[in-house]
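Notes follow the structure.
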Amino acid sequence: MIEELYVKDYILFEKANIDFSNHMSVITGETGAGKSLLIDAISLLSGQRSTSNVVRKDANKTILQMRLSKPSQEVLNLLEENDYDIEDDILIQRTITDQGKSSMKINNQPATLSFVRQIVSKMVDVHSQMDTYQLMDPNVQLDLLDRFANCEALKNEVKNLYQIYARASNELKKAQEETFSDDALEYATAQYNEINDADIKEGELEELSNRIKEVANAQKTLEDLNESIYTLDKDGGLIDSLYNLKKCLQRNYWDTSIENLDDIYYEFVDLSEELKNRREDLQRDTHELDKLQEREYLIKRLYRKHGQSYEGLMKAKEQYMETIDKIIHRQAVLERLSKEKEEALTLYQTKAELLSKQRKSIFNDLSSQIETHFKDLMLKNARFKVDVQRKEPSANGIDDINFVVSMNPGQPFSLLKDSASGGELSRLMLALKVVFQSQQGIDTIIFDEIDTGVSGKVAYAMGNKMKTLSKDYQVLCITHLASVAAWADHHYRVAKNSQSDSTLAHVEELSDQQVLEELALMSSGSVSKASLMAAKELKERTNQDG
């Protein structure tokens, strides 16, 4: 549920902080006072795109903040999977500058708009007049129906099987439309052979590059080795000098110094042999450089020609092989693709039929529940049913779904948009919302002036229905009708003060006496003894009926 909403330098609000409670809360105020701006702020904090015109005049940025409590395990899992800190509450923050730049955070960690939408959509549902019209969309109706029937898992299976069938169908169609010439076969064969003969291994290019660097570095090492060997072996070099020194000393006297010199002499002879062996190895490596570079050039050329990578090269090789196969064995290929398509269609139809059966199994129960709410909302003659027609295979099955109603006895069923007036449509949609809400796992429902076009007993009945809904959910409602507002457990009022050069809005939670005054003002346009008495009677009546 929404625990707190905070706005700063937001359109008409310099600063506002609302601590929401559970059950039913209403927000009222004169037209233009800014009450819908608070719902818009929640929408912005839910990931809706923004513009710079939300920044209050003379300010450089808007700050919005919403605290959500009691997140579901699904929400907690999503946060954890995306490396967000897990806390008892979820803090959503958004900053919007006067230049139109926007940033969002979840629990003080940066977040994208799409991820915020994903999180908040599982906790908060905002229902406005626009959403009422969206509920007329058959696709939206189908999604609601599938959640009510608990067949979303089966629906995903149908979607996956349809994708397999669609791919098989497209491959067959493509093969049937393709025409090949001898030149096409010759070209595909040449390309395939070039790739196949190259016999390139995965990771080979990287290994070649490293080996070429090693061999290139060996050139410098070889120069150093040649110089070292020359210093040791040349006439008059280090070994000759040591040998002559040893002979000279032997002719004159013998002691342990000559023995040490003898050891040193043979160490240098061994060193010379070791350096020569190393030089031979390096010479073989440098002779290999040309071959290594030729191989590297071949691989890079084939990569440029076929997909820029080893994976792209292998995919191209496979495609050339398929082309060759299609040309040489065209009829067999067509038969194979046709068989794959038929098998995919059979698997799809089996699951699609199960999905259709599961959907239809809840039609009567759904109609019964919705018609019960119709009666509560003073639509006692209205009837509801799901119209289903079979359609061609699609990702969501073989059912073409439409919600249809009959508003009066003897009146034929027709689409929602063709059956009801504005006031009737608001009640129809409220009934649908109450029934389908239990399938969405959402804790907070926001109604933004959905009672437009109704009054009197009908508005009272709608308020009663929202109150009933608030026993299981947090309900926030913006309304201009006293007979709806009277049902609230908590009442907030938005007002604005205008001066010569500025207008500011503020919001406050009303005391019991202020609630009566607000209801009186909403009902009669003024606060008088009579209107206060009527407001008190209305409030007492809701307490009794609720």
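This structure is a prediction, so every number in the text was calculated from the model and none was measured.
Taking the side chain as every heavy atom from C-beta outward, Lys155 and Asp143 approach each other to under 4.5 Å. With a 4.5 Å cut-off on side-chain heavy atoms, Gln109 and Asp85 count as touching. The closest side-chain heavy-atom distance from Arg56 to Thr62 is not below 4.5 Å. Side-chain contact between Asn108 and Gln93: present, with at least one pair of heavy atoms (C-beta onward) separated by less than 4.5 Å. Between Glu540 and Lys536 there is a side-chain heavy-atom pair separated by less than 4.5 Å.
Between the side chains of Thr112 and Ser114, at least one donor-acceptor pair of N or O atoms lies under 3.5 Å. In the model, Asn160 has no side-chain atom that pairs as donor or acceptor with a side-chain atom of Lys351 under 3.5 Å. Judged purely by distance below 3.5 Å, without hydrogens or angles, the side chains of Gln369 and Asp365 pair a donor atom with an acceptor atom. A donor-acceptor contact closer than 3.5 angstrom is absent between the side chains of Glu152 and Asn156.
Side-chain atoms of Asn107 come within 3.5 Å of backbone N or O of Leu91 as a donor-acceptor pair. No donor-acceptor pair under 3.5 Å is formed between the side chain of Ser356 and the backbone N or O of Glu353. Within the 3.5 Å criterion, the main-chain N or O of Asn22 finds no donor-acceptor partner in the side chain of Tyr473. Judged by distance alone, the side chain of Glu4 and the main-chain N or O of Asn17 form no donor-acceptor pair under 3.5 Å. When atom types are taken as modelled, the side chain of Glu202 and the backbone of Tyr310 share no donor-acceptor pair closer than 3.5 angstrom. Under the 3.5 Å distance criterion, the side-chain polar atoms of Gln474 are left unmatched by any main-chain donor or acceptor of Met1. Between the Ser531 side chain and the Ser526 main chain, a donor and an acceptor come within less than 3.5 Å of each other. In terms of modelled atom types and a separation under 3.5 Å, the side chain of Ser121 and the main chain of Gln118 share a donor-acceptor contact. When atom types are taken as modelled, the side chain of His491 and the backbone of Val26 share no donor-acceptor pair closer than 3.5 angstrom.
In this structure, Asp545 does not pair ionically with Lys467, as no charged nitrogen and carboxylate oxygen lie closer than 4.0 Å. The pair Asp399-Arg359 meets the salt-bridge criterion, with a side-chain N (NZ, NE, NH1 or NH2) lying under 4.0 Å from an Asp/Glu carboxylate O. Ion pair Arg211/Glu207 not flagged as a salt bridge, since none of the NZ, NE, NH1 or NH2 atoms sits closer than 4.0 Å to an Asp/Glu carboxylate oxygen. Salt-bridge formation is not detected for the pair Arg67/Glu3: no Lys NZ or Arg NE/NH1/NH2 atom is positioned less than 4.0 Å from an Asp or Glu carboxylate oxygen.
For Asn364, the CG atom is loosely surrounded, since the number of other residues' heavy atoms within 6.0 Å does not exceed 12. Heavy-atom neighbours of Glu508 CD from other residues, nucleotides or ligands within 6.0 Å: above the threshold of 12. For NZ of Lys61, the number of neighbouring non-hydrogen atoms (other residues, nucleotides, ligands) closer than 6.0 Å is 12 at most. Dense packing is recorded around NZ of Lys391, with more than 12 heavy atoms of other residues, nucleotides or ligands lying under 6.0 Å away. Residue Lys15 places its NZ atom among 12 or fewer non-hydrogen atoms of other residues, nucleotides or ligands, all under 6.0 Å distant. With a 6.0 Å radius and a threshold of 12 heavy atoms from other residues, nucleotides or ligands, Asp512 has its CG atom at or below the threshold.
The minimum heavy-atom distance between His490 and Ser21, with the atom names listed, is NE2-CB, 3.2 Å. Contact record, Phe20 with Ile2: CB-O, 3.3 Å, taken as the closest heavy-atom pair. Contact detail for Leu519 and Ala535: the closest heavy-atom pair is CB-CB, 3.8 Å. Pairing each heavy atom of Thr542 with each of Ala486, the nearest pair is OG1-O, 3.2 Å. A pairwise comparison of heavy atoms in Ser309 and Gly312 identifies OG-N, 3.0 Å as the closest pair.
Note on residues 30-48: pairs passing side chain to side chain donor-acceptor pair (under 3.5 Å), not counting sequence neighbours, are Ser36-Asp448.
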Exercise for the section: Before giving the answer on side chain to side chain contact (heavy atoms under 4.5 Å, CB included), spell out for Val527 and Leu532 the whole-Å C-alpha distance, their side-chain angles and the decisive distance to 0.1 Å. Expected result: CA-CA 6 Å; Val527 179; Leu532 281 171; 3.8 Å; yes
Exercise for the section: Tell me, with the steps shown, if Phe447 and Leu476 meet side chain to side chain contact (heavy atoms under 4.5 Å, CB included). Expected result: CA-CA 6 Å; Phe447 294 106; Leu476 306 181; over 6 Å; no
Handout entry: Leu432 vs Leu144, side chain to side chain contact (heavy atoms under 4.5 Å, CB included): CA-CA, chis, key distance, verdict
Key = CA-CA 9 Å; Leu432 293 177; Leu144 290 171; 6.0 Å; no
Practice task
Report the C-alpha distance between Ile362 and Leu145 in whole Å, list the side-chain angles of each, state the deciding distance to 0.1 Å, and finish with yes or no for side chain to side chain contact (heavy atoms under 4.5 Å, CB included).
Solution key: CA-CA 9 Å; Ile362 54 86; Leu145 178 71; 3.3 Å; yes
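In this pair, Phe148 and Phe436 present their aromatic rings perpendicular. The plane angle is above 60°, beyond the 30 to 60° band. Note: Phe13 and Tyr10 have parallel aromatic rings, judged against thresholds of 30 and 60 degrees for the angle between ring planes. Ring pair Trp487/Tyr460 is tilted by interplanar angle, where 30° to 60° counts as tilted.
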